[in-house]
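Proteins come first, then strands; the chains are lettered A, B, ... in the order of their sequence lines, and each starts at number 1.
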Amino acid sequence: MTNPQVLLSLPGPVSAFAFNADRSQVALCPNTNEVHIYALDAGNSWTLTHTLTSHTALVTGIDWAPTTNRLVTCSQDRNGYVWSLDAQTNQWDPALVLLRINRSATHVRWSPKGDKFAVASGAKCVSVCYFDQDNDWWVAKHLKKPLRSTVLRIAWHPNNVLLAAAGADNRARVLSAFIKGLDSKPAPSPWGDRLPFGTICADIGPEGCGWVHDVAFSPDGTALAFVAHDSSFYVYYPATAQVIAVPTTLLPLLGVMWLNDTEVVAVGHDCTPVLFVGNGNGEWRYAGKIDEGKKASTSHGNSALAKFRAMDSRATTQANQDTELTTVHQNSITLIQPYSPTHYVTTGIDGKIVLWHSLDEALKRLALA
Amino acid sequence: MFSRALNLLCVPTPPATPPASSRNSQYDTMSHRKVDVDSLGLDDEDYESAALNPAGPPPDVLNAVAAERAAHVANLLARGAVAEALTAALTGDAPYGTDPALAPAKEQSTKAVADVLTTARVADAAQYLPPLSPADRDLLLKYVYKAMAQPQLYNCGALLAWHEKITEVSGVGSIVRVMSDRRVI
């Protein structure tokens, strides 16, 4: 397996995607109102198995709960659906969730235990949804209070109660999404002790920060990383209420993910994952681009095969590579997710779903430099 | 015959609603333009004003600081201490905000920076720029953009050369920060 490996290559952007628990299936939205589910078949290639068409506008968020095997999708049509697979008919049955929002939903995430999910929306609120057994219905509770603009992304804390919200009002927040009757009282953490629903555990607005594009809790839950439109990477430590800012020379970053307690991978408009390394004492630095881009090879440019290929695909007789980027991704990377303890997967506007090895030599060199 | 000519002059009105096939589907790309945004509810006016006018010293303090800074920079330039003049032009409270009372502070601060940049040789940028902190380089780029917005007052050719030198050190990230930072000079 080469690193990085392109798993799927769609003709258009992928607006949302999620793998199932054993990574044999992926649900994605090819920038339309449909959700396509691809499965890995015996020949190790991805084939389309299901098309879910309940939404009437762009699907902006998909998540697949590993424990319950349920899919949740949210869309610009202001609805969310929870899909359960009917084993006998092999069909995905939708259950409508009334999010009670009057603007588009932007992102959805199952909680770590898979018993509730949160939907970020342009209605300046986050809908935390759980299943009400008495009414056999998904109920939404709103987190509104400090949010002043669209919530772009959300992230759950490992304790299943705290929720981080990345807002377009230039602030990252940590709120409590504790549902009475569903959640048990969480263990005390640096984020707070008493955490009824809606408690504002942190409201972080560094000076000069732009729209916060993505948030992520560290694996042990003691820090929050976020990336913003001012091309900066931030880490917040609640124990000391300290924000570490790392301004970069890159274009803005759109997604962030922790590899471990000292390494964070971020993706963005530079079409390559980049690495940030912390020294364990609260100091973070930018370590470099993970995909430097292979140099354009001139030998290929003159072969007859390359000329005919160019004539076929681009109607040009020159096999130059000026229109292609040298990185694997050909356009901005918008989403990054963990795939396994050693791999992570990214996708973006170019429609490629790419699998990256997180322990490879190039990364190690960047981290130690 | 005259009435037929009049008929030709009358342009038929377009249909009031778009064809059914394009409504509520993935091809419906224009309906958001027909929404009357202003009637949907007020934006949070307090948030907008607070974001554009960061809490800082009042305008008269900023005006005084800017005047003092401009005098100090002129002094240093007259003595030929260009690097110190550059640092001095970027020190102290910058005139952030949209209050019209800040206009003298903005003019004087921008003029001070522009004077330093025209006095300093662009070829020597390699010794002037790295000692500055990243935040100071971002502030310098903000002043460069502010000065370039007034080509009748400042030499845009020199400013463009400085823009290139600053972005060589700070990358496109600093340009993005100038655009996205709500603290406007």
Side-chain angles (χ1 to χ4, degrees), chain A residues 12 15 29-35 53 55-59 75-78 102-104 122-124 144 146-150 167-171 205-213 227-233 245-254 266 268-270 274 285-286 289, chain B residues 20-32 35 37 39-56 93-94 96-97 129-130 132-139 141-142 165-185:
Chain A
S15 54
C29 171
N31 213 35
T32 63
N33 62 326
E34 296 176 345
V35 175
T53 54
H55 284 293
T56 56
L58 180 74
V59 177
S75 155
Q76 285 181 353
D77 63 3
R78 314 188 305 278
N102 58 6
R103 294 290 184 281
S104 154
K124 308 187 212 177
K144 271 186 163 322
L147 304 168
R148 313 286 279 280
S149 184
T150 303
D169 49 1
N170 313 344
R171 300 185 84 89
E207 258 197 341
C209 187
W211 305 317
V212 179
H213 281 297
V227 285
H229 203 73
D230 60 342
S231 300
S232 297
F233 166 75
V246 181
T248 67
T249 58
L250 309 165
L251 289 173
L253 296 161
L254 298 172
H269 288 291
D270 274 306
V274 298
R285 64 179 175 88
Y286 166 65
K289 294 183 183 177
Chain B
S21 60
S22 75
R23 267 180 278 151
N24 294 329
S25 79
Q26 67 202 80
Y27 304 108
D28 180 5
T29 50
M30 299 299 281
S31 64
H32 67 279
V35 173
V37 197
S39 68
L40 285 176
L42 292 171
D43 271 331
D44 199 341
E45 284 162 356
D46 291 336
Y47 155 60
E48 272 303 319
S49 151
L52 285 173
N53 295 298
D93 292 315
Y96 289 132
L129 292 177
L132 297 173
S133 71
D136 277 344
R137 280 197 290 270
D138 290 345
L139 180 58
L141 198 60
K142 282 186 192 171
K165 294 293 175 199
I166 301 170
T167 47
E168 264 171 28
V169 180
S170 298
V172 287
S174 64
I175 301 179
V176 175
R177 272 187 287 282
V178 169
M179 300 285 163
S180 74
D181 198 343
R182 305 290 270 178
R183 298 172 301 176
V184 175
I185 298 229

Over 12 foreign heavy atoms within 6.0 Å of CD, A:Glu207: no

Shortest non-hydrogen contact from [X] toward [Y]:
{"X": "A:Ser231", "Y": "B:Gly173", "answer": "OG-CA, 3.7 Å"}
{"X": "B:Asp181", "Y": "A:Gly208", "answer": "OD1-CA, 3.2 Å"}
{"X": "B:Val176", "Y": "A:His229", "answer": "CG1-O, 3.0 Å"}

Side chain, backbone, both or neither of A:Leu250 within contact of chain B (heavy atoms, under 4.5 Å): backbone

Euclidean distance, B:Ile175 CD1 relative to A:Thr249 OG1, rounded to 0.5 Å: 11.0 Å

A:Cys209 and B:Arg182, any side-chain heavy atoms less than 4.5 Å apart: no

Contact class of B:Val169 relative to chain A, heavy atoms under 4.5 angstrom: backbone

